[in-house]
Visitor: 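First the structure, which I've put down as structure tokens, then a few questions once you've had a look.
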Amino acid sequence: MRLFYFDRKILTNFLLTMIPPPLSEQELMSRVENIAGLTLAQLANQISWTTPPNLLHNKGWIGQLLETVLGASAGSLSEPDFQYLGIELKTIPIKANGNAAETTYVCVVPLEKHLGLTWDKSCVAKKLRRVLWIPIESSSDIPLSDRRVGTGFLWSPDIHTLTKLKNDWEELMEYVALGQIDSIDASYGDYLQIRPKAANAKIRTTGVSRSGKYQETLPRGFYLRTSFTNKIISEFQSGN
DNA sequence: TGGTGATCATAC
DNA sequence: GTATGATCACCA
């Protein structure tokens, strides 16, 4: 069943774009090199997409564009973008000064069914095992069409980083487990933070209260702080 | 100006 | 509603 779904997904994407998924890391990185320096409009033209005037009503457009151009599988499965390769694709908006403009969304915070959940099994650990970061020019004074794609690079957290992420995750999840999700705000966590992840502030999902009963609450997501992604970028640039 | 809370599109 | 992809927008 899952195989069927996977195949249909790949096939649909291929028929729409004629871009097959990369079969090796080398093939993927060769595609990444080939698009470095291109503008978003040039990239969009490759697959006959129209560049929107801005991202206001298309916040995920750049991410979806890069996914498609690089042959990532489409769809909303909880799988890495490049399923064969176990690689997650993340675009990262870069300001004129070279720093990340926005935090990076990782995954939804489990607000129930988290009993016995450990770091190694968490969505954060799974998503961040191997990431293809692609910097994208994001200054608001550059029209979206003219913004250029940077040099993408593969990244895996080193042991120190992994420990920091694990500590953050465990600390944050402890509040969740104790039914104290509503007392957490975005200031908690060094590398990871928890923030709302919903269409609006009225959306509710099921969580757990302090007394252990089910309680409706705002859906949250894990995000990487810009200070952390800046660190990743500067380590790549300095060749570490 | 940057960090936090709020929000947008879309598939299923 | 839940998942994917994220950025917007306010205010200290």
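All values below were derived from every heavy atom in this structure, side-chain atoms included, with hydrogens, water molecules and symmetry-related copies excluded. In what follows, chains carry the letters A, B, and so on, assigned in the order in which the sequence lines appear, proteins first and then strands, with residues in each chain numbered from 1.
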Visitor: OP1, OP2 of C/dG1 versus side-chain N and O of A/Lys202: anything below 4.0 Å?
Guide: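 For A/Lys202, the contact criterion (side-chain N or O under 4.0 Å from OP1 or OP2 of C/dG1) is not met.
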
Visitor: The side chain of A/Thr226 is closest to which nucleotide in this list: B/dG3, C/dT4, B/dT4?
Guide: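 Taking heavy atoms from C-beta onward, the closest nucleotide is B/dG3.
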
Visitor: How far apart are the closest heavy atoms of A/Leu218 and A/Pro196, and which atoms are they?
Guide: CD2-CB, 3.7 Å

Visitor: Would you please confirm or rule out a distance under 4.0 Å between OP1 or OP2 of B/dA9 and any side-chain N or O of A/His57?
Guide: yes

Visitor: Output the distance between atom CD1 (A/Ile35) and atom CD1 (A/Ile134), rounded to the nearest 0.5 Å.
Guide: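 A/Ile35 atom CD1 to A/Ile134 atom CD1 measures 4.5 Å (nearest 0.5 Å).
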
Visitor: Hey, is the side chain of A/Arg220 pairing donor to acceptor with the base of B/dT4 inside 3.5 Å?
Guide: no

Visitor: Can a side chain N or O of A/Arg195 be found less than 4.0 Å away from OP1 or OP2 on B/dG3?
Guide: no

Visitor: Kindly point out which of C/dG5, B/dG5, B/dT7 is positioned nearest to the side chain of A/Glu88?
Guide: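 Closest nucleotide to the A/Glu88 side chain: C/dG5.
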
Visitor: Using a 4.0 Å cut-off on heavy atoms, which residues in residues 96-113 of chain A reach DNA chain B? List them by number, or say none.
Guide: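 Listed by number, there are none.
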
Visitor: Is the ring pair A/Tyr188/A/Tyr175 parallel, tilted or perpendicular, if the boundaries are 30 and 60 degrees?
Guide: perpendicular

Visitor: Side chain of A/Ala201: nearest nucleotide among C/dT4, B/dT7, C/dG1?
Guide: B/dT7

Visitor: Counting any heavy atom closer than 4.0 Å, what does A/Leu56 reach on the DNA or RNA strands: base, sugar-phosphate only, or nothing?
Guide: sugar-phosphate

Visitor: Toward the 5' end of DNA chain B, which comes first, A/Ser187 or A/Ala198, by nearest nucleotide?
Guide: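 Of the two residues, A/Ser187 wins.
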
Visitor: Counting side-chain heavy atoms from CB outward, which of C/dA6, C/dG5, B/dT7 is closest to A/Glu67?
Guide: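 The answer is C/dG5.
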
Visitor: If you look at every strand shown and take non-hydrogen atoms under 4.0 Å, does A/Ala199 touch a base, only sugar-phosphate, or nothing?
Guide: base

Visitor: Could you tell me how far apart A/Ile62 (CD1) and C/dC8 (C1') are, to the nearest whole angstrom?
Guide: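 Taking atom C1' of C/dC8 as the reference, CD1 of A/Ile62 is at 13 Å.
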
Visitor: Which whole-number value in Å describes the distance from A/Leu224 CG to C/dG5 C1'?
Guide: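 Spelled out: CG on A/Leu224 to C1' on C/dG5 is 15 Å.
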
Visitor: Can you tell me how far the CE atom of A/Met29 sits from the CZ atom of A/Phe153, to the nearest 0.5 Å?
Guide: 9.0 Å

Visitor: Walk me through whether A/Arg130 and A/Glu25 qualify under salt bridge (Lys or Arg N to Asp or Glu O under 4.0 Å).
Guide: CA-CA 11 Å; A/Arg130 198 144 178 74; A/Glu25 205 169 283; 3.0 Å; yes

Visitor: Return yes if a side-chain donor-acceptor contact under 3.5 Å exists between A/Thr118 and A/Asp120, otherwise no.
Guide: no

Visitor: Quick check on C/dT7: is either OP1 or OP2 less than 4.0 Å from any side-chain nitrogen or oxygen of A/Ser138?
Guide: no

Visitor: Distance only, no hydrogens: is a donor on one side chain within 3.5 Å (strictly under) of an acceptor on the other, for A/Thr217 and A/Asp182?
Guide: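 Result is yes, a qualifying pair exists.
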
Visitor: Using a heavy-atom cut-off of 4.0 Å across all strands, would you classify A/Pro93 as base, sugar-phosphate, or nothing?
Guide: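 Sugar-phosphate contact only.
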
Visitor: Can you tell me how far C1' of C/dG5 sits from CD1 of A/Ile92, to the nearest Å?
Guide: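 Distance check: A/Ile92 CD1 to C/dG5 C1' gives 15 Å.
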
Visitor: Separation of A/Leu65 atom CG from C/dT4 atom C1', in whole Å?
Guide: 16 Å

Visitor: With a cut-off of less than 4.0 Å, is there a side-chain N or O of A/Lys197 near OP1 or OP2 of B/dC8?
Guide: no

Visitor: Closest heavy-atom contact between A/Ser122 and A/Trp119?
Guide: OG-O, 2.6 Å

Visitor: Can you tell me the distance, in whole Å, between the CD1 atom of A/Ile203 and the C1' atom of B/dA9?
Guide: 14 Å

Visitor: Could you work out how much the helix from B/dT1-C/dA12 to B/dC12-C/dG1 bends, comparing the axis of its first five pairs with that of its last five, to 10°?
Guide: 30°

Visitor: Give A/Gly60 one of three labels, base, sugar-phosphate or nothing, depending on what nucleic acid heavy atoms sit under 4.0 Å from its own.
Guide: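 The answer is base, as A/Gly60 lies within the cut-off (heavy atoms under 4.0 Å) of a base atom.
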
Visitor: Do any side-chain nitrogens or oxygens of A/Gln193 fall under 4.0 Å of OP1 or OP2 in B/dT4?
Guide: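 A/Gln193 to B/dT4 OP1/OP2: side-chain N or O found under 4.0 Å.
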
Visitor: Under 3.5 Å, is there a donor-acceptor pair between the A/Asn230 and A/Ser227 side chains?
Guide: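 No pair is found: no donor N or O on one side chain lies under 3.5 Å from an acceptor on the other.
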
Visitor: Rounded to the nearest Å, what distance is computed from the CZ atom of residue A/Phe222 to the P atom of nucleotide C/dA6?
Guide: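 Taking CZ of A/Phe222 and P of C/dA6, I get 18 Å after rounding.
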
Visitor: Rounding to a whole Å, what distance do you find between A/Asp81:CG and B/dA11:C1'?
Guide: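 One finds 15 Å between C1' of B/dA11 and CG of A/Asp81, rounded.
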
Visitor: Could you check which of B/dA6, B/dC8, C/dG5 has an atom nearest any side-chain atom of A/Pro196?
Guide: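 The answer is B/dA6.
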
Visitor: Students often get this wrong, so: under 4.0 angstrom with heavy atoms, is A/Tyr223 touching a base, only sugar-phosphate, or nothing?
Guide: base

Visitor: Calculate, to the nearest 0.5 Å, the distance between atoms OG1 and CD belonging to A/Thr91 and A/Gln64 respectively.
Guide: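 A/Thr91 OG1 to A/Gln64 CD: 10.0 Å, rounded to 0.5 Å.
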
Visitor: Would you kindly give the CG-to-P distance between A/Asp185 and B/dA6, to the nearest whole Å?
Guide: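 My rounded result for the distance is 11 Å.
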
Visitor: For the pair A/Trp49 and A/Trp61, name the ring-plane relationship: parallel under 30°, tilted 30 to 60°, perpendicular over 60°.
Guide: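 Plane angle between 30° and 60°, so tilted.
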
